[in-house]
S.K.: 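Structure below; questions to follow.
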Amino acid sequence: MMRLKVTFVLFLSILPLALANLRVGFYRRSCPNAESMVRAAVRRRLTRDKSIPAALLRMHFHDCFVRGCDASILIDSNRKSSSEKDAGPNLTVRGFELIDEAKKALEATCPSKVSCADIITLATRDAVFLSGGPFYFVPTGRRDGLVSDPDEVNLPGPTLTVSEAVQAFRAKNMSMDDMVTLLGAHTVGVAHCSFFLDRITRPDPTMDRGLAAKLRSICGAASGSNPDPTAFLDQGTPFAVDNQFFKQIGLKTGVMKIDQELANDPLSRRIVSGFAANATLFRTRFAKAMVKMGNIQVLVGNAGEIRKNCRVFNPRRRI
């Protein structure tokens with residue numbers, strides 16, 4: 001009898017930890033249509049904005065690599081304090097209205113059930129899939145953070161070497177393989193000329209001459225209304241999540257320094273070649289890496305909160 005009692009007590013002590021972990025289908029009972037509602041919002045936006053997958057991928061990365069995947073990037077600044085949105089690397093992050101739309105629909109159906117952090121993760125997954133990328137099951141159950149500080153935003157930039165980028169990813173428990181795979185998200189999206197101008201204003205033997213000329217033409221068209229033009233990071237299929245990015249950097253058509261160095265550096269060259277030659281391998285690894293990134297420093301259980309409005313913290317209750 002004593003043995004059974006000890007076993008039962010041990011089970012009870014483990015159970016809260018198990019319930020606190022992320023799991024696929026977390027909202028199956030509390031909000032059964034949560035994932036389909038987020039997907040519907042993404043689908044509607046995609047019909048009028050083919051660039052939204054790139055925006056969501058960037059938002060998801062910028063959120064997870066600061067305080068973990070806690071939706072701290074969504075908080076608006078106010079008169080009393082600035083938020084992560086005010087940090088330099090986040091000034092061009094966009095797609096917030098899509099998250100608002102999904103949150104509004106979810107609050108109308110399942111108030112205070114679905115976190116903003118999960119909405120970002122689910123919306124990014126759906127945008128990847130709807131743009132030709134892999135579908136992958138996303139564990140949910142994240143909670144929203146209570147801090148958004150612009151001084152904490154320290155993200156790996158496009159001028160890093162491969163070794164430096166690897167260090168930044170390893171600090172988040174991500175591997176070299178994860179780093180190369182996730183940079184494959186550059187198969188969609190654009191970069192501002194200011195991020196690669198140094199590569200086209202003087203001869204760069206690592207860049208294809210034709211691409212350099214094309215980029216000089218784009219950046220040379222800067223004007224008062226558009227002082228920092230953009231160029232596609234993928235010259236072939238800029239709106240499709242595929243392995244073309246890896247094929248292109250193998251031909252010296254990487255736009256940003258870190259992109260091209262992936263194909264040139266001995267540390268990453270083998271992985272790049274593998275992805276360029278095998279689209280299925282990239283799809284499989286990309287799905288796995290996205291799930292892994294989405295688990296960085298998540299808040300679960302009773303930590304954090306479930307925001308009513310993704311842009312503001314819930315009012316603090318007086319004790």
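No experiment lies behind these values; they were computed from the predicted model shown. Heavy-atom basis, side chains included; hydrogens, waters and symmetry copies ignored.
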S.K.: Can you check whether Lys308 reaches Ser112 side chain to side chain, under 4.5 Å on heavy atoms?
M.R.: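 A side-chain contact exists here, since the closest heavy-atom pair is under 4.5 Å.
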S.K.: For the OG atom of Ser175 and the CD1 atom of Ile271, what is their distance to the nearest 0.5 Å?
M.R.: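 If we round to the nearest 0.5 Å, Ser175:OG and Ile271:CD1 are 7.5 Å apart.
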S.K.: Could you see if Val291 belongs to whatever hydrophobic cluster contains Val24? Use Ile, Leu, Val, Met, Phe, Trp, Tyr and a side-chain cutoff under 4.5 Å.
M.R.: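 Result: yes, single cluster for both.
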S.K.: Is it the case that one hydrophobic cluster holds both Ile75 and Leu299, taking links as side-chain heavy atoms less than 4.5 Å apart, direct or via other members?
M.R.: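 Shared cluster, no.
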S.K.: If you count heavy atoms of other groups shown closer than 6.0 angstrom to NZ of Lys172, is the number above 12?
M.R.: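 Correct, the count exceeds 12.
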S.K.: Tell me whether Leu56 shares a hydrophobic cluster with Ile296, the cluster being built from Ile, Leu, Val, Met, Phe, Trp, Tyr side chains joined at under 4.5 Å.
M.R.: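 Per the 4.5 Å side-chain linkage, Leu56 and Ile296 are co-clustered.
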S.K.: Nearest heavy-atom pair of Arg143 and Asn302: which atoms, and what distance?
M.R.: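 Scanning both residues completely, I find the closest heavy atoms to be NE-C, 3.9 Å.
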S.K.: Give, for atom SG of Cys64 and atom CZ of Arg142, the distance between the pair rounded to the nearest 0.5 Å.
M.R.: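 Answer rounded to 0.5 Å: 7.0 Å.
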S.K.: Between Pro156 and Phe169, what is the shortest heavy-atom contact and its length?
M.R.: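 Taking every non-hydrogen atom into account, CG-CE1, 4.4 Å.
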S.K.: With a 3.5 Å cut-off and sequence neighbours excluded, list the donor-acceptor pairs that the side chains of residues 216-223 form with protein atoms.
M.R.:
| from | atom 1 | to | atom 2 | distance (Å) |
| --- | --- | --- | --- | --- |
| Arg216 | NH1 | Ile200 | O | 3.2 |
| Ser223 | OG | Ser225 | OG | 3.2 |
| Ser223 | OG | Asn226 | N | 3.3 |

S.K.: Which atoms form the tightest heavy-atom contact between Leu22 and Gly141, and what is the distance?
M.R.: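 It is CD2-C, 3.5 Å.
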S.K.: Measure the NZ-CD1 distance between Lys103 and Ile120 for me, rounded to the nearest 0.5 Å.
M.R.: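 Interatomic distance, Lys103 NZ to Ile120 CD1, rounded to 0.5 Å: 11.0 Å.
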S.K.: Going through the distances and angles, do Val255 and Phe195 end up as a side chain to side chain contact (heavy atoms under 4.5 Å, CB included)?
M.R.: CA-CA 9 Å; Val255 174; Phe195 284 103; over 6 Å; no
S.K.: Might you point out which heavy atoms bring Asp228 and Ser194 nearest each other, and give the distance in Å?
M.R.: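 The answer is OD2-OG, 2.7 Å.
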S.K.: Side chains of residues 131-140: which donor-acceptor partners sit under 3.5 Å, not counting sequence neighbours?
M.R.:
| from | atom 1 | to | atom 2 | distance (Å) |
| --- | --- | --- | --- | --- |
| Ser131 | OG | Ala127 | O | 2.9 |
| Thr140 | OG1 | Arg23 | O | 3.4 |
| Thr140 | OG1 | Phe26 | N | 3.4 |

S.K.: For Lys104, I'd like to know if atom NZ has over 12 heavy atoms of other residues, nucleotides or ligands within 6.0 Å.
M.R.: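 For Lys104, atom NZ is not crowded (no more than 12 foreign heavy atoms under 6.0 Å).
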S.K.: Let me confirm one number: the CD-CD1 distance from Gln260 to Ile258, rounded to the nearest 0.5 Å.
M.R.: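 So the gap between those two atoms works out to 10.5 Å.
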S.K.: Give a yes-or-no answer on whether the side chains of Thr181 and Asp178 include a donor-acceptor pair shorter than 3.5 Å.
M.R.: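 Short answer, no.
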S.K.: With a 4.0 Å cut-off, would you call Arg67 and Glu84 a salt bridge?
M.R.: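 Answer for the salt bridge query: no.
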S.K.: Could Asp177 and Lys292 be called an ion pair, given the rule that one side-chain N must be under 4.0 Å from one carboxylate O?
M.R.: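 Here Asp177 does not pair with Lys292 in a salt bridge, since their nearest N and O are not under 4.0 Å apart.
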S.K.: Identify the heavy atoms of Cys116 and Leu74 that sit nearest to each other, and give their distance.
M.R.: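 Residues Cys116 and Leu74, closest heavy atoms: CB-CD1, 3.8 Å.
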